[in-house]
Amino acid sequence: MSNLTKDSRIYIAGHRGMVGSAIVRKLKKEGYTNLITATSSELDLRNQADTEDFVKTNRPDAVIIAAARVGGILANNSYPWQFLYDNLMIEANLIKAAHECDVNNLVFLGSSCIYPKEALQPLKESYLLTGPLERTNEWYAIAKISGIKMCQALNKQYGRSYMSLMPTNLYGPEDNFDLKTSHVLPAMIRKFHEATENGNQTVNVWGSGKPMREFLHVDDLAEATVFFLENEIDSENDLINIGTGKDITIKQLAELIQRITGHEGEINWDSSKPDGTMRKLMDVNVASELGWTAKIKLEDGIRETYRWFLENVESIKEVKMAD
Ligand code: GFB
């Protein structure tokens, strides 16, 4: 990556989602003036011809792939076809169009669920494809692994330097707060908030509370994306983990959010819902050796996200899939 100037043309695919909108905010803050975006009604990234036309017409100098079909454990488990097909098509169309239009800079965003379920912890980049995946999200994981491999194939065969960044579980403003499709952190913010409003009702949360998760504020990911876009990275590092290197149990997360929202009732664990993988802590040494580390502390990030939730509580959409 490199040779970008503040007037370089940067296409952010998925700019309305939590990740894409954070990247747009960060790029604007850094003074980039030529940002290219399209909503899903203007451009369906699953359509190859339309995606190629869009990239050809707009001639970006850089492409950031933040567009994806995303969701929490239940959505992943319930919609295997959409999570596999939509993500494969979005990535294949964008990566191919970028290559054919001779776009030099490309960042592909994935997820920590690409690593094997039983891999050693913390998860190093080199553990990719060393064992079976977690069943609740193997469809999404296989699509994201394919995106990494598409970038690596172009790097190997055509000398591209397309980069894949793998963030851990993300949260922040613009997250999906729909209780059926969301991830745990926004779901808990909403559940504890609503239970508190309704006289400290019991809060139902899923699984055993024992799994451990690492949480990264989306503004940290946006900073990492811009950092790796701007800095020339050795071709050996075309897959980089982006996380905090620290995790907590789901039970600890529930207690933290309970405290932040001021809830004074009981917590009930619904064991009919899946736990998913027991642990997926990122090894973040490669990113930190290259000069980037996460800055936002979990409690500060949750407080800020809760403020955003309160400001937007009326308009929070029922179902929000990234576009
Ligand atoms: O965040 P989450 O949905 O996804 O769930 P994953 C994390 C853990 O929180 C699981 C528990 O053990 C859930 O059972 N949990 C407790 C809850 N209460 C709730 C709740 O109210 N809602 C939700 N959603 N969970 C996803 C993958 O896995 O993480 C994706 O499915 C992707 O592919 C994403 O990798 C980052 O962390 O298990």
Side-chain angles (χ1 to χ4, degrees), residues 17-19 66 68-80 82-84 86-88 109-117 119 121 123 128 133-148 165-172 175-195 202-218 221 241-244 247-258 261 263 267-282 298 302 305 319-322:
M18 172 174 71
V19 172
R69 170 78 62 180
V70 298
I73 190 164
L74 203 62
N76 270 262
N77 212 13
S78 312
Y79 303 105
Q82 281 80 4
F83 277 81
L84 182 59
D86 288 359
N87 286 308
L88 278 176
L109 295 168
S111 160
S112 58
C113 69
I114 58 160
Y115 293 111
K117 181 184 173 73
Q121 308 278 328
L123 299 159
L128 185 66
L133 298 164
E134 156 61 29
R135 295 299 295 273
T136 53
N137 59 33
E138 62 181 350
W139 322 94
Y140 180 73
I142 284 172
K144 289 294 178 184
I145 293 169
S146 303
I148 296 167
L165 300 182
M166 293 304 116
T168 188
N169 287 33
L170 298 166
Y171 71 97
D175 208 340
N176 170 16
F177 289 86
D178 173 77
L179 294 180
K180 285 194 229 64
T181 55
S182 65
H183 291 97
V184 59
L185 198 151
M188 283 187 178
I189 288 181
R190 182 169 181 170
K191 284 179 177 180
F192 280 103
H193 170 76
E194 289 177 357
T202 298
V203 172
N204 284 304
V205 281
W206 300 351
S208 65
K210 289 183 188 146
M212 300 191 76
R213 292 291 185 273
E214 176 185 4
F215 296 97
L216 180 75
H217 193 286
V218 71
L221 172 65
N241 290 342
I242 306 295
T244 62
D247 58 359
I248 62 170
T249 65
I250 295 299
K251 182 167 183 283
Q252 287 170 324
L253 179 73
E255 288 163 358
L256 179 57
I257 294 178
Q258 183 177 42
T261 55
H263 177 260
I267 301 177
N268 176 55
W269 295 93
D270 176 358
S271 58
S272 71
K273 294 285 193 307
D275 269 341
T277 196
M278 288 314 283
R279 201 173 184 202
K280 47 178 172 177
L281 177 66
M282 292 288 212
L298 183 59
I302 296 176
T305 305
V319 177
K320 194 168 92 176
M321 293 293 195

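Computed from heavy atoms alone, side chains included, the values below leave out hydrogens, waters and symmetry copies. Each ligand, and each atom within it, is numbered from 1 in the order the structure gives.
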Looking only at protein heavy atoms, identify the closest one to atom 36 (C) of ligand 1 and say how far it is in Å.
Asn169 OD1, 3.4 Å
Considering heavy atoms of the protein only, find what lies nearest to atom 8 (C) of ligand 1 and give residue, atom and distance to 0.1 Å.
Ile250 CD1, 3.7 Å
Looking only at protein heavy atoms, which one is nearest to atom 30 (C) of ligand 1, and what is the separation?
Asn76 ND2, 3.5 Å
Can you sort out which atoms of ligand 1 are near Cys113, meaning under 4.0 Å from one of its heavy atoms?
33 (O), 35 (O)
Assess the side chains of Tyr79 and Asp86: does a donor N or O sit below 3.5 Å from an acceptor N or O?
no
Do Leu128 and Ile114 have side-chain heavy atoms sitting under 4.5 Å apart?
yes
So how far is it from Lys280 NZ to Met212 CE, rounded to the nearest 0.5 Å?
13.5 Å
Taking C-beta and beyond as the side chain, do Gln258 and Val203 meet within less than 4.5 Å on heavy atoms?
no
Not counting sequence neighbours, which residues clear side chain to side chain donor-acceptor pair (under 3.5 Å) with Asn76? List them please.
none
Please indicate whether any nitrogen or oxygen in Ser182 is less than 3.5 Å from any nitrogen or oxygen in ligand 1.
yes
Suppose I only count heavy atoms of Gly72 and a 4.0 Å limit; which atoms of ligand 1 are within that range?
3 (O), 31 (O)
Using side-chain contact (heavy atoms from CB on, under 4.5 Å) as the criterion, list what pairs up with Ser146, not counting sequence neighbours.
Leu88, Glu91, Ile142, Met150
More than 12 heavy atoms from other groups under 6.0 Å of CH2 on Trp206
yes
Just jot down the ligand 1 atoms closer than 4.0 angstrom to any heavy atom of Pro274, in number order.
13 (C), 14 (O)
Proximal ligand 1 atoms for Ser111, defined as those under 4.0 Å from one of its heavy atoms:
32 (C), 35 (O)
Quick check: do Arg213 and Thr277 have side-chain heavy atoms less than 4.5 Å from each other?
yes
What about Gly276: any of its N or O atoms under 3.5 Å from an N or O on ligand 1?
no
Could you measure the distance from the CH2 atom of Trp139 to the CD atom of Gln82? Nearest 0.5 Å is fine.
12.0 Å
Minimum-distance protein heavy atom relative to atom 10 (C) of ligand 1
Asp275 O, 3.4 Å
Spatial distance of atom CG (Asn176) from atom NE2 (His183) [nearest 0.5 Å]
8.5 Å
Considering non-hydrogen atoms of the protein only, which is the closest contact for atom 34 (C) of ligand 1, and what is the distance?
His183 NE2, 3.3 Å
Distance under 4.0 Å to a non-hydrogen atom of Lys191: what atoms of ligand 1 satisfy this?
20 (C), 21 (O)
Of all the atoms in ligand 1, which lie at a distance below 4.0 Å from a heavy atom belonging to Ala187?
20 (C), 21 (O), 22 (N)
Nearest heavy atoms of Ala143 and Leu84, plus distance in Å
CB-O, 3.9 Å
For atom 29 (O) of ligand 1, closest protein heavy-atom neighbour:
Lys280 NZ, 3.4 Å
Among all protein heavy atoms, pick the one closest to atom 18 (N) of ligand 1 and tell me residue, atom and distance.
Trp206 N, 2.9 Å
Please confirm whether Arg213 approaches ligand 1 to less than 4.0 Å, judged on its heavy atoms.
yes
of all protein heavy atoms, closest to atom 4 (O) of ligand 1 is Ile73 N, 3.6 Å
